[in-house]
Amino acid sequence: NGVYTFSGLANFEAGIAQTITYTNAPSLNPADASANFSLPSLTLYAQDKFPIIDDVTLNVGLRYDSWTADSAPRANANFKTRYGFTNAQELDVSLLQPRLSVNWVVDDTMVVYGGLGLFAGGSPNVWISNIYSNDGVSSLTSSTASMTPADKALALDSANTAGFGYNIPSQLLNPTYFKGGDGSVQAISPDLKAAANWKFNIGTQKSITDELVVSADAIFSKEQDPYIMQDMRMVKSGTAPDGRPIYKNCVVNVANVSGPCVVRGGSTNWDLLLTNSDESAKSMILSTSADWKIMEGLRLKAGYAYQDVE
C-alpha cells in the first residue's frame, strides 16, 4: 500500500506531494506478503451424574481442549539475535478442565446448588493471526523522507509519474530505499500456556409462598495464566519514588551484539510478545433477587448485586 501526504490544497491540486510512503512484498505482489494459515482445534468432553443420597445429585465432568496452528510464521533472524529465540513459533497449547457441581433439593420449596470448575476459550484469534502478518520480513517499505534531495524532488512531483496518486514513483522502488527485513514483529512465547479461569459458585432458591420466590448467589473466580502483550524492547532501568518500575527502550544491536543496547523504533518497529502474566485477576460477585406475583397479570421483580474485582 502507499500513502501520499500533501501540504495544503494548493499543492494537492498542483500534484506536489510532501511525503510518499510505500509498502509491499519484495516481489511487488501483495499476495506474497499476506498471511495464510489455519488454526485447528480439538475438544473432548465427558460428564456423568451420580445420586449421592436422597435429593442430592453430583455432576462430574472433564473437558480437554487443544489449539494448534498448521504452520509457523516466517523466521526473522534479527528478532532471534535480539531476544535469543525465534519468532517462527506456531501455536500449540492444550488444557484439561475438571468440573464439579452439586444440586440439593432440600424440600418442595427450596434448592441449594454449587459448583467448581476450570474454564478456557474465548480469546480473540487476532492475537494469533498477528504473528503471521507481522513477522518483520514479509514486507519492504520505502519513503521519500530517506531519499537524497534529487531523488526526493523527482518522486514528489506528479510530472514525473504517470497516474500520480495511483501509481508509485519509480524512485520508491529503488533497492537503495525499498528495503526492510527488520520491521515490526509480533510473536508468541515458546512457553505459552492456555489462559483459563477457575470459577466457584454457590446459591439457593426458596419459595416463601406460592407468590414469592427469593434467591441468593455467590460467584468467585480467579484467572490462571492470563494472556498479556509484552513490549520486548522495554527493559527495567530504575524505580519510581512510589515503587513502580521505570522502563527504557533498549535492545541488542544486531550490527554489534557485544556492544551497548540501542533504541529500536518508537511508535514504529515494535516487537510484541504474546505470553502469560505472572499476576492473576480475581473477583467476587454476590447477588440476591426476589420475584413477587402481586396479582394475576402483575409481578414485581427486584435484585441487587455486589462486585469486588481486582
Side-chain angles (χ1 to χ4, degrees), residues 1-5 19-41 67-93 122-143 145-146 168 172-173 175 177-195 225-235 247-255 257 261-277:
N1 63 60
V3 177
Y4 283 73
T5 303
T19 60
I20 304 175
T21 302
Y22 177 64
T23 301
N24 203 346
S27 64
L28 303 185
N29 181 359
D32 293 338
S34 63
N36 185 12
F37 61 94
S38 63
L39 300 173
S41 63
W67 301 271
T68 58
D70 66 338
S71 60
R74 296 179 181 92
N76 185 317
N78 288 328
F79 181 92
K80 185 175 183 179
T81 299
R82 278 193 291 269
Y83 306 114
F85 63 93
T86 181
N87 69 301
Q89 174 72 37
E90 68 269 24
L91 179 69
D92 187 6
V93 296
S123 300
N125 286 334
V126 68
W127 290 354
I128 304 303
S129 69
N130 280 346
I131 71 175
Y132 295 92
S133 54
N134 295 289
D135 56 33
V137 295
S138 297
S139 300
L140 304 182
T141 298
S142 59
S143 173
S146 62
I168 301 299
L172 280 94
L173 301 179
Y177 311 118
F178 189 51
K179 56 186 179 181
D182 198 16
S184 298
V185 177
Q186 184 167 321
I188 61 175
S189 170
D191 303 318
L192 186 70
K193 301 175 183 176
D225 300 318
Y227 292 134
I228 188 174
M229 280 294 183
Q230 178 183 350
D231 190 335
M232 298 291 288
R233 303 171 302 172
M234 299 299 161
V235 295
Y247 294 89
K248 67 176 181 179
N249 181 334
C250 209
V251 302
V252 170
N253 185 350
V254 295
V257 294
C261 64
V262 295
V263 173
R264 170 167 164 78
S267 59
T268 61
N269 283 358
W270 36 259
D271 292 326
L272 299 180
L273 183 71
L274 176 61
T275 186
N276 299 104
S277 175

Any non-hydrogen side-chain atom of Ile20 less than 4.5 Å from a side-chain atom of Leu172? yes

Distance in Å, Asn249 CG paired with Met234 CE, rounded so as to fall on 0.5 Å steps: 4.5 Å

Rounded to the nearest 0.5 Å, the OG atom of Ser277 sits from the CE atom of Met229 at a distance of 13.0 Å

Modelled atom types, side-chain donor and acceptor of Asn24 and Tyr22, under 3.5 Å: yes

Rounded to the nearest 0.5 Å, how far apart are CZ of Phe178 and CG of Leu173? 6.5 Å

If every non-hydrogen atom of Ser143 is compared with every non-hydrogen atom of Ser146, which pair is closest and at what distance? O-OG, 3.0 Å

In this structure, which one of Asn125, Thr68, Leu192 forms a side chain to side chain contact (heavy atoms under 4.5 Å, CB included) with Leu91? Leu192

Approximate separation, where rounding is to 0.5 Å, of Ser129 OG and Gln186 CD: 8.0 Å

Would you say Tyr132's side chain and Ala72's backbone share a donor-acceptor pair under 3.5 angstrom? no

Would you mind writing out the side-chain donor-acceptor pairs for residues 26-36 within the sub-3.5 Å range, not counting sequence neighbours?
from: Ser27; atom 1: OG; to: Asn29; atom 2: N; distance (Å): 3.3
from: Ser27; atom 1: OG; to: Asp32; atom 2: OD2; distance (Å): 2.4
from: Asn29; atom 1: OD1; to: Ala31; atom 2: N; distance (Å): 3.1
from: Ser34; atom 1: OG; to: Ala31; atom 2: O; distance (Å): 2.6

Looking at side-chain heavy atoms only, is the closest gap between Lys248 and Val235 below 4.5 Å? yes

Going by atom types alone, do Ser138 and Asp135 pair a side-chain donor with an acceptor below 3.5 Å? yes

Check: Arg233 and Tyr83 side chains under 4.5 Å, non-hydrogen atoms: yes

Step-by-step side chain to side chain contact (heavy atoms under 4.5 Å, CB included) determination, Asp182 to Arg82: CA-CA 11 Å; Asp182 198 16; Arg82 278 193 291 269; 3.0 Å; yes

Side-chain heavy atoms of Ile188 within contact of Leu274, under 4.5 Å: yes

Got a second to check how far Thr275's OG1 is from Asp225's CG, nearest 0.5 Å? 9.5 Å

Could you pull out all residues at least two apart from Thr19 that satisfy side chain to side chain donor-acceptor pair (under 3.5 Å)? Thr5

Determine whether Asn276 and Tyr227 make a side-chain contact, defined as any pair of heavy atoms from C-beta on separated by less than 4.5 Å. yes

Can you name the side chain to side chain donor-acceptor pair (under 3.5 Å) partners of Asn87, sequence neighbours left out? none

Test: Arg264 and Asp231 ion pair at under 4.0 Å: no

Do Asn134 and Ser184 have side-chain N/O donor and acceptor atoms under 3.5 Å apart? no

Please report the shortest heavy-atom distance between Leu273 and Ser189, naming the atom on each side. CD1-N, 3.5 Å

Min side-chain heavy-atom separation Glu90-Phe37 under 4.5 Å: no

Modelled atom types, side-chain donor and acceptor of Thr23 and Ser139, under 3.5 Å: no

Residue pair Ile131 / Pro73, side-chain heavy-atom distance below 4.5 Å: yes

Would you confirm whether the ring centroid of Phe79 sits within less than 6.0 angstrom of the ring centroid of Phe85? yes

Given side chains that start at C-beta, do those of Val93 and Lys193 come closer than 4.5 Å, heavy atoms only? no

If every non-hydrogen atom of Ala194 is compared with every non-hydrogen atom of Trp67, which pair is closest and at what distance? CB-CZ3, 3.7 Å

